[in-house]
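Quick notes on the structure that follows.
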Amino acid sequence: TIIVRAGEEGNSAFLIQSGTVRVFIEQADRQVELARLSAGQIFGEMALVFDEKRSASVEAVDDVNLIVITRQVLEDKLRKSDQTIRA
């Protein structure tokens with residue numbers, strides 16, 4: 001299952017609770033795998049933080065449980081964090 005597609009608007013990031021995902025781009029009509037991520041890792045944060053379109057696609061390799069981190073949640077967490085973290 002595709003979770004995010006390259007070129008989409010990025011209004012959330014995802015924290016993997018369990019399972020594995022594959023990060024890839026399409027290049028010359030083939031998929032190039034960039035990474036495999038598993039529990040404890042985050043994807044989608046670059047589009048969220050920099051307000052850009054997704055730079056890669058991500059698909060579930062097996063059953064995956066994700067925590068969705070919206071822009072609002074990120075801003076709330078940053079506002080409550082130490083000034084060094086916000087920087």
Side-chain angles (χ1 to χ4, degrees):
T1 302
I2 300 291
I3 300 166
V4 298
R5 290 189 188 280
E8 291 178 337
E9 295 295 325
N11 56 10
S12 57
F14 302 87
L15 172 61
I16 304 170
Q17 281 191 303
S18 64
T20 305
V21 299
R22 180 175 82 96
V23 182
F24 67 94
I25 58 172
E26 297 203 20
Q27 201 172 56
D29 293 332
R30 66 183 184 94
Q31 293 183 351
V32 178
E33 186 171 311
L34 303 176
R36 285 195 180 232
L37 306 175
S38 57
Q41 295 184 289
I42 296 175
F43 64 91
E45 74 284 358
M46 297 304 288
L48 179 62
V49 170
F50 296 111
D51 198 28
E52 297 176 349
K53 294 185 186 268
R54 305 268 185 212
S55 59
S57 297
V58 179
E59 74 175 342
V61 173
D62 50 26
D63 289 338
V64 179
N65 288 321
L66 303 170
I67 296 174
V68 179
I69 304 167
T70 64
R71 180 167 279 114
Q72 184 63 48
V73 167
L74 178 64
E75 289 173 358
D76 289 346
K77 297 276 187 196
L78 286 174
R79 203 173 15 260
K80 295 174 186 175
S81 69
D82 179 86
Q83 187 175 21
T84 305
I85 302 298
R86 283 194 302 267

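Heads up: numbering here begins at 1 and tracks the sequence.
- For Asp63, the CG atom is loosely surrounded, since the number of other residues' heavy atoms within 6.0 Å does not exceed 12.
- Qualifying ring-ring contact (aromatic ring centres under 6.0 Å, His included) partners for Phe43, counting only residues two or more places apart in sequence or in other chains: Phe14.
- Residues Gln17 and Ile67 are in side-chain contact: their nearest non-hydrogen atoms beyond the backbone lie under 4.5 Å apart.
- Between atom CD of residue Gln72 and atom NZ of residue Lys77 there is a gap of 12.0 Å, rounded to the nearest 0.5 Å.
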task: Mind running side chain to side chain contact (heavy atoms under 4.5 Å, CB included) on Ile2 and Val58 for me, showing each step along the way?
output: CA-CA 6 Å; Ile2 300 291; Val58 179; over 6 Å; no
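- Every residue two or more places apart in sequence or in another chain that forms a side chain to side chain contact (heavy atoms under 4.5 Å, CB included) with Ser38 is listed here: Thr20, Gln41.
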query: side chain to side chain contact (heavy atoms under 4.5 Å, CB included) between Leu74 and Thr70: does it pass, once the steps are laid out?
result: CA-CA 6 Å; Leu74 178 64; Thr70 64; over 6 Å; no
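- For Arg30, the side chain to side chain contact (heavy atoms under 4.5 Å, CB included) partners at least two apart in sequence or on another chain are Val32.
- At least one side-chain heavy atom of Ile16 sits less than 4.5 Å from a side-chain heavy atom of Val21.
- A salt bridge does not link Glu8 with Lys53: every distance from a Lys NZ or Arg NE/NH1/NH2 to an Asp or Glu carboxylate oxygen is 4.0 Å or more.
- Within the model, atoms CG of Leu15 and CG of Leu37 stand 11.0 Å from one another, a figure rounded to the nearest 0.5 Å.
- Hydrophobic clustering of Ile, Leu, Val, Met, Phe, Trp and Tyr side chains at less than 4.5 Å, counting indirect connections, keeps Val61 apart from Phe24.
- Contact record, Glu9 with Arg54: O-NE, 4.0 Å, taken as the closest heavy-atom pair.
- At distances below 3.5 Å, not a single donor-acceptor pair connects side-chain atoms of Ser12 with backbone N or O atoms of Ile69.
- Judged by distance alone, with hydrogens and angles left aside, the side-chain atoms of Arg71 form a donor-acceptor pair with the main-chain N or O of Leu48 at under 3.5 Å.
- In terms of heavy-atom proximity, Ala56 sits nearest to Leu34 at CB-CD1, 4.2 Å.
- For the pair Glu75/Leu78, no side-chain contact is recorded, criterion being any heavy-atom separation below 4.5 Å from C-beta on.
- Val49 and Val4 fall into different hydrophobic clusters, where Ile, Leu, Val, Met, Phe, Trp and Tyr are joined by side-chain heavy atoms under 4.5 Å apart, directly or via other members.
- Of all the heavy atoms in Ala60 and Ile3, the pair that sits closest is N-CD1, 4.0 Å.
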